Amino acid sequence: MASVSSAGPSAGMSADGAKVNMAFVAAIVAVATIGGFMFGYDSGVINGTQEGLNSAFKLTEFGTGLNVAAILIGCAIGAFAAGRLADVWGRRTVMIISALLFVISALGTGAAHTSTIFVIFRLIGGLGVGAASVLCPVYISEVTPANIRGRLSSVQQIMIITGLTGAFVANYVLAHTAGSSTADFWLGLPAWRWMFWMQVIPAGVFFFALLTIPESPRYLVAKGKDAQAEAILSRLFGPGTGAAKVAEIRASLSADHKPKFSDLLDPVTKKIRPILWAGLVLAIFQQFVGINIVFYYGSVLWQSVGFTEDDSLKINILSGALSILACLAAIALIDRIGRKPLLLIGSAGMAVTLGVLTWCFSTATTVNGALHLDGSVGPIALVAANLYVIFFNLSWGPVMWVMLGEMFPNQMRGSALAVAGFAQWIANFAISFSFPAMAKMSLAATYGFYAVSAVVSFFLVQKLIHETRGKELEAMEG
C-alpha cells in the first residue's frame with residue numbers, strides 16, 4: 001500500500017521511498033482511462049441495436065455475426081499496429097488518433113443505410129478500440145509507481161465496464177422512450193441509430209482530455225528526449241528522483257538494441273520466448289471463456305429464452321453494475337494478493353458458473369419457434385450468468401490488461417503487445433462471429449465450450465503465469 005507523507009494527501013510514497021505526486025498521477029490516470037470507457041462503450045453499444053440492424057439490413061445469422069463482430073477485425077489491426085506506432089509516434093499521439101476514430105465511427109455507423117457501410121465504419125471504430133485497449137494500460141503502467149500500479153491499472157477495466165454499462169443504460173433509455181429500438185425517435189429516425197450517435201459525446205471528451213496530459217517518460221527516453229522525460233518524472237516523483245529514474249530507464253534501454261519483432265524470439269533457441277506464450281494465453285483465453293457473448297449478445301440471448309426486450313435491456317444494466325462492483329473488489333485485492341491468485345480464482349469460478357449455464361440451456365424447450373427455460377431454470381440461469389460476470393471481472397477482466405501492460409521487458413513491450421493484442425481481438429472475433437450460428441445449433445454446447453475453456457485456463461495459469469506484483473517495469477524479464 002502507498003503511504004501518505006506529511007506533505008499532504010496528494011503526495012504518497014513509491015516502493016523505493018520516492019515521494020509521489022498522487023494528484024498528478026490520478027489526473028493522468030483519469031484521462032487515460034477514458035480510453036477504457038470508449039473501449040467499453042464502442043463494444044457494448046451493439047447490444048440492443050441488433051433488432052434494428054436486422055430490420056434495416058435484412059440480416060441472416062451470418063450477417064448478424066458479421067455486423068456485430070466487424071469491429072473486432074478493426075480491433076485486431078488497431079491493437080497490432082498500436083504497439084509499434086506508439087514506439088514511433090508516442091503513446092499519447094496514437095491515443096489521440098484513436099479518439100478521432102471513435103468520433104468518425106459513431107457518426108458513420110448511425111448514418112449507415114447498408115450493411116457494407118455499417119461494417120466499414122465499425123471497422124474504423126475497431127481501430128480506435130484496439131489501439132486504446134493496449135495503449136491506455138501501457139501508458140498508465142509507465143507513469144505510475146510499482147507498488148500501486150496494479151490498482152491504478154485496474155481502473156482501466158472499471159472504465160471498460162462503465163463504458164459498457166453506459167452504453168446499456170443509453171440504449172435502454174432510448175429504446176424505452178421511443179417504445180422500442182426500431183421505433184422513430186428524434187428527427188424521425190429510429191432509436192437504434194441514436195444509440196450509435198450518442199458515442200460522439202464521450203469520444204469528444206476523450207480527445208480534448210488527451211491534449212492535457214504529458215507523453216510517457218519511457219517513450220521520451222527511448223527517443224533521446226531525456227530533459228522532457230526528467231521534467232515529467234520530477235513532477236511525478238520529485239526533482240531529486242526524476243534524474244535517477246531517467247538513468248534507470250536509459251540503462252534498461254541502452255543495454256540492448258532498437259526494439260524489433262525478432263526480440264520476441266529467444267536469441268539462442270530462436271523459439272518464441274516463454275513470456276510471450278504467457279501473454280498469448282492471457283489474451284486468448286480471456287475471450288475463449290465467452291465473456292463478450294454476454295456483452296454483445298446479452299439482449300438477444302435473454303430474449304431468446306423468454307424475456308422481453310425491455311427486461312433484457314434491464315438485465316444488461318444489472319450485469320454492468322455487478323461488473324463494476326467486481327472490478328472495485330479486484331482493485332482492492334490485486335496489489336495485496338497478486339495477479340496470479342486472482343486469475344486462478346476467476347478460472348475456477350467461471351468454470352462452475354458456465355457449467356451451470358450449460359445445464360440450464362440443455363433443458364430449454366422450443367415454444368412458438370423460440371427457446372424457453374421452464375420453471376426455476378430461468379432464474380437459475382440468470383443468477384449463474386451474473387455470478388459468471390462477477391468472477392470474470394474480479395479476475396481475468398482487469399488482470400489480463402494489467403499484466404499485458406507490465407509483464408514484458410522494456411525492450412520487447414511494444415512488439416509483444418502488438419502480437420498479444422492482435423491475438424486477443426482475433427479470439428474475440430472468432431467467439432463473437434461464431435455465436436449466432438453456434439447458438440442456433442445448440443446453446444448448451446456453445447456454453448459447454450466456454451466452460452471447458454475456463455477449466456483449461458486454470459491449468460495454463462498454474463503452468464505459465466509468473467507473478468508481477470510490486471516489480472518495477474525495468475525489472476521485468478523475458
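Since the structure is predicted, the reported quantities are computational estimates derived from the model, not experimental observations.
- The line from CD1 of Ile71 to CG of Asp42 is 4.0 Å long, rounded to the nearest 0.5 Å.
- Of the possible donor and acceptor atoms, one in the side chain of Tyr388 sits under 3.5 Å from a partner among the backbone N and O of Ile291.
- Using a 4.5 Å cut-off on side-chain heavy atoms (C-beta onward), Asp184 and Leu189 make no contact.
- Across all non-hydrogen atoms, the minimal contact from Val200 to Ala106 is CG2-CB, 3.7 Å.
- Here the side chains of Met198 and Tyr41 are in contact, with some heavy-atom distance below 4.5 Å.
- Between the Arg91 side chain and the Ser216 main chain, no donor and acceptor come within less than 3.5 Å of each other.
- Under the side-chain hydrogen bond (donor to acceptor under 3.5 Å, both in side chains) rule, Asn54 has a single partner from Thr64, Thr60, Asn67, which is Thr64.
- Between Phe80 and Phe422, the angle of the ring planes goes over 60°, which puts this pair in the perpendicular group of the 30/60° scheme.
- The side-chain heavy atoms of Gln424 and Met400, taken from C-beta on, include a pair separated by under 4.5 Å.
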So Leu282 and Leu343, side chain to side chain contact (heavy atoms under 4.5 Å, CB included) or not? Walk me through it.
CA-CA 9 Å; Leu282 291 174; Leu343 289 172; 3.7 Å; yes
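- In terms of modelled atom types and a separation under 3.5 Å, the side chain of Lys440 and the main chain of Glu61 share no donor-acceptor contact.
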Derivation of the side-chain hydrogen bond (donor to acceptor under 3.5 Å, both in side chains) call for Glu406 and Ser141
CA-CA 6 Å; Glu406 70 183 10; Ser141 294; 5.1 Å; no
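- Of the possible polar contacts, none joining the Thr177 side chain to the Leu174 backbone as a donor-acceptor pair under 3.5 Å is found.
- Of the options Ile213, Leu135, Ile97, a side-chain contact (heavy atoms from CB on, under 4.5 Å) to Arg92 is made by Ile213 and by none of the others.
- With values rounded to the nearest 0.5 angstrom, Lys340 atom NZ is found 8.5 Å from Leu464 atom CG.
- Among all heavy-atom pairs drawn from Gly44 and Leu164, the shortest one is CA-CD2, 3.4 Å.
- Trp396 is not listed as a side-chain neighbour of Val289, based on a closest heavy-atom distance of 4.5 Å or more.
- The side-chain heavy atoms of Phe391 and Val352, taken from C-beta on, include no pair separated by under 4.5 Å.
- Between the Asn393 side chain and the Val389 main chain, a donor and an acceptor come within less than 3.5 Å of each other.
- Contact of the Leu333 side chain with the Leu342 side chain is registered, since non-hydrogen atoms from C-beta on lie closer than 4.5 Å.
- Centroid-to-centroid, the aromatic rings of Phe39 and Trp425 come within less than 6.0 Å.
- Remark: the backbone N or O of Gly110 is paired with a side-chain donor or acceptor of Arg193 at under 3.5 angstrom.
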Between Ile275 and His466, is the side chain to side chain contact (heavy atoms under 4.5 Å, CB included) condition met? List the steps.
CA-CA 9 Å; Ile275 191 68; His466 299 288; 5.9 Å; no
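- Nearest approach of Ser395 to Gly346, heavy atoms of both residues: OG-CA, 3.0 Å.
- Every residue was checked against the salt bridge (charged side-chain N to carboxylate O under 4.0 Å, His left out) condition with Lys271, not counting sequence neighbours, and none meets it.
- Checking side-chain atoms of Ser98 against main-chain N and O of Met95 turns up a donor-acceptor pair under 3.5 Å.
- Here CZ of Phe429 is found 4.0 Å from CD1 of Ile73. Values are rounded to the nearest 0.5 Å.
- Nearest heavy-atom pair across Ala79 and Ser133 is CB-OG, 4.4 Å.
- Here the closest heavy-atom approach between residue Pro202 and residue Gln199 is recorded as CD-O, 3.2 Å.
- A donor-acceptor pair under 3.5 Å links the side-chain atoms of Arg339 to the main chain of Ile334, judged by distance alone.
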Evaluate the side chain to side chain contact (heavy atoms under 4.5 Å, CB included) criterion for residues Val356 and Cys360: first the C-alpha distance (whole Å), next the side-chain angles of each, then the deciding distance (0.1 Å), finally the verdict.
CA-CA 6 Å; Val356 172; Cys360 288; 4.2 Å; yes
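- With 3.5 Å as the limit, one finds no donor-acceptor pair spanning the side chains of Thr182 and Glu51.
- Scanning all heavy atoms of the two residues, the minimum distance from Ala351 to Val455 falls at CB-CG2, 3.7 Å.
- Across Val119, Leu123, Ile117, a single residue satisfies side-chain contact (heavy atoms from CB on, under 4.5 Å) together with Phe121, and that is Ile117.
- Donor-acceptor pairing under 3.5 Å is recorded for the side chains of Ser347 and Ser457.
- Defined by atom type and a distance below 3.5 Å, a donor-acceptor pair is missing between the side-chain atoms of Ser432 and Asn292.
- Taking the six-membered ring where the residue is Trp, Trp194 and Trp197 present perpendicular rings, their angle passing 60° and hence far from 30°.
- The main-chain N or O of Val88 is found under 3.5 Å from a side-chain atom of Tyr219 such that the two form a donor-acceptor pair.
- Using cut-offs of 30° and 60° on the angle between ring planes, the pair Phe102 and Phe206 is tilted.
- Side-chain contact between Val452 and Phe288: absent, with no pair of heavy atoms (C-beta onward) separated by less than 4.5 Å.
- Between the Ser442 side chain and the Ala445 main chain, a donor and an acceptor come within less than 3.5 Å of each other.
- Taking the six-membered ring for Trp, Phe433 and Phe62 have ring centres closer than 6.0 Å.
- Asn171 and Thr49 share no donor-acceptor pair across their side chains, judged by distance under 3.5 Å alone.
- Residues passing the ring-ring contact (aromatic ring centres under 6.0 Å, His included) test with Phe196 are Phe118, sequence neighbours excluded.
- When side chains are defined from C-beta on, Asn316 does not count as touching Ser312, because their heavy atoms never get closer than 4.5 Å.
- From Gln50, atom CD reaches atom OG of Ser181 across 9.5 Å, with rounding to the nearest 0.5 Å.
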Apply side chain to side chain contact (heavy atoms under 4.5 Å, CB included) to the pair Arg122 and Thr109, showing each step before the final yes or no.
CA-CA 7 Å; Arg122 284 290 280 175; Thr109 51; 3.7 Å; yes
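- Considering CD of Gln286 and OG of Ser453, their distance stands at 13.0 Å, rounded to 0.5 Å.
- Taking CG of Leu318 as the start and CG of Leu382 as the end, the distance is 7.0 Å to the nearest 0.5 Å.
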